[in-house]
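Before any comments, here is the structure.
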Amino acid sequence: MNASAPDATTAKLMEQILYEVKRVVVGQDRFLERVMVAMLAQGHLLVEGVPGLAKTLTVKTLAATVQGNFKRIQFTPDLVPADLVGTRVYNQGTGEFTTALGPVFANLLLADEINRAPAKVQSALLEVMQERQVTIAGESHRVPDPFLVMATQNPIETEGTYPLPEAQVDRFMMKVLVDYPTEEEEYVIAERVIGPKVEVNAVATTWQLAALQKAARAVYLDPSMLQYAVKLVSATRRPERHGLEELRRFITFGASPRATISLAEGARALALMRGRNYALPEDMSDLVHDVLRHRIVLSYEALSEGMDADALITQIMARVPAPARPLEHEAQAAA
């Protein structure tokens, strides 16, 4: 086997999965890549975008390609935690209680407009994401493996919403911004929708997906890259230590250690998707904005001056140098 690339079976399987999804979903390549990264790295996604940008279609199609169970929950103000995780139901015929598991018991779960539900419901979902199990009447039930939650937020309607607390948002590996398609992509979208329905082929199993996750964890990450992740995250907390004194007044709280872990795991997953069993600096730097943007709490001064998290992250990346790319023989020796 080539020391610089995953085995042929792994590469072919990922190629088949992406091909099947792209037969249905037009454009949104960056969004689809982030969904795959989260799946391989066993993380969760927070997605922000207006309705109609194929967020639901992407996750549903991906679930079909890997023969996974897909569930969608529309979050509303009257939702209660039991609507998500399940509850105990009394059977009059037998006189016994039985457990009815909720829709969180799926491989791919879409939490649509998560900020529409009250904090108690949001916390119930985020607890499942972290613990990967729920407890009903003292009995624990594990969710299926693999388990990916994609929560969406609508940025254009904030009336009647319950913003996610910063501590809970931190549970998401990445926050991805989904934009409108180009005119060319929109033409193809309309053409496919009004044309014959495309049937998605199941090209993998959840067992094979678990094997891909294991392969992603085996991707080599050089210590210099882990140090790069630590410095980037540290710069969001104490920018003055990295020659960014001017940013101190814009930041109330920086990113947690979960951000460092997410950068490392995400870089490994992206490297595997790009056909390598070792990560390069660009694998990590491509994910920095998505991993950090929801973890930085801006000050009132930053908001008053129109500063956003992405602008801050760009300045931090310009000041914190990425490590040099390893030489080919070093990468092969590491593999």
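Computed from heavy atoms alone, side chains included, the values below leave out hydrogens, waters and symmetry copies. As the structure is a prediction and not an experimental result, all values here were calculated from the model.
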Enclosure of Gln153 CD (heavy-atom neighbours >12, cutoff 6.0 Å): yes
Residue pairs, two or more places apart or on separate chains, that pass salt bridge (Lys or Arg N to Asp or Glu O under 4.0 Å) and touch residues 280-291: Arg30-Asp290, Arg34-Asp290, Arg274-Asp283, Arg274-Asp286, Arg276-Asp283, Glu282-Arg325, Asp290-Arg293
Other residues, nucleotides, ligands: >12 heavy atoms within 6.0 Å of Glu246 CD: yes
Counterpart residues, salt bridge (Lys or Arg N to Asp or Glu O under 4.0 Å), relative to Arg241 (two or more places apart): none
Residues that Arg132 engages under salt bridge (Lys or Arg N to Asp or Glu O under 4.0 Å), provided they are two or more places apart: none
Least distance between heavy atoms, Ala204 atom then Gln67 atom: O-NE2, 3.1 Å
Minimal non-hydrogen separation, Thr252 against Ser299, with atom names: OG1-CA, 3.2 Å
Under 3.5 Å: donor-acceptor pair, side chain of Asn69, backbone of Asn107: no
Sequence neighbours excluded - side-chain hydrogen bond (donor to acceptor under 3.5 Å, both in side chains) pairs with any residue from residues 49-65: none
Test side-chain hydrogen bond (donor to acceptor under 3.5 Å, both in side chains) applied to Lys22 - qualifying residues, sequence neighbours left out: Asp29
Test item: side-chain donor near acceptor, His141 and Thr135, under 3.5 Å: no
Exam field: side chain Arg237 to backbone Ala255, donor-acceptor pair closer than 3.5 Å: yes
Hydrophobic cluster membership, Val37 vs Val178, 4.5 Å side-chain cutoff: yes
Polar side-chain atom of Arg295 near backbone of Asp170 as donor-acceptor pair, under 3.5 Å: yes
Donor-acceptor pair, side chain of Arg248 and main chain of Glu240, under 3.5 angstrom: no
Spacing of CG belonging to Asp222 relative to CG belonging to Leu280, to within rounding of 0.5 Å: 10.0 Å
Closest approach of Pro323 to Pro281 (non-hydrogen atoms, all atoms of both residues): O-CG, 3.2 Å
Transitive ILVMFWY side-chain link Leu45 to Leu57, under 4.5 Å: yes
Contacts of type ring pair (Phe, Tyr, Trp, His ring centres under 6.0 Å), residue Phe97, not counting sequence neighbours: Tyr90
Listed partners of Asp83 passing side-chain hydrogen bond (donor to acceptor under 3.5 Å, both in side chains), at least two apart: none
Any donor-acceptor N/O pair, Glu185 side chain to Thr182 backbone, under 3.5 Å: yes
Residue pairs, two or more places apart or on separate chains, that pass side-chain hydrogen bond (donor to acceptor under 3.5 Å, both in side chains) and touch residues 227-236: Ser234-His242
Distance-only criterion, 3.5 Å: show the donor-acceptor pairs between side-chain atoms of residues 207-217 and protein atoms not counting sequence neighbours.
from   : atom 1 : to     : atom 2 : distance (Å)
Gln208 : OE1    : Thr205 : N      : 2.9
Gln213 : NE2    : Met39  : O      : 2.8
Arg217 : NE     : Glu265 : OE2    : 3.3

Of all pairs that satisfy salt bridge (Lys or Arg N to Asp or Glu O under 4.0 Å), the ones with a partner from residues 42-51, not counting sequence neighbours: Glu48-Lys175
Backbone N/O of Val203 and side chain of Asn201: donor-acceptor pair under 3.5 Å: no
Donor-acceptor pair, side chain of Glu245 and main chain of Pro239, under 3.5 angstrom: no
Which atom of Asn115 lies closest to which atom of Thr152, heavy atoms considered: OD1-O, 4.3 Å
Heavy-atom pair of closest approach, residues Met225 and Leu221: CE-CD1, 3.8 Å
Which atom of Arg23 lies closest to which atom of Val200, heavy atoms considered: NH1-CA, 4.3 Å
Salt bridge (Lys or Arg N to Asp or Glu O under 4.0 Å) contacts in which one or both residues fall within residues 296-307, not counting sequence neighbours: Arg249-Glu301, Arg249-Glu305
Same apolar cluster (I L V M F W Y, side chains within < 4.5 Å links), Leu62/Val198: yes
Cluster companions of Phe75 among Ile, Leu, Val, Met, Phe, Trp, Tyr (side-chain spacing under 4.5 Å): Leu46, Ile73, Leu79, Leu84, Val85, Leu101, Val104, Phe105, Leu109, Ile114, Val121, Leu125, Leu126, Val128, Met129, Val134, Ile136, Val143, Phe147, Val149, Leu164, Val169, Phe172
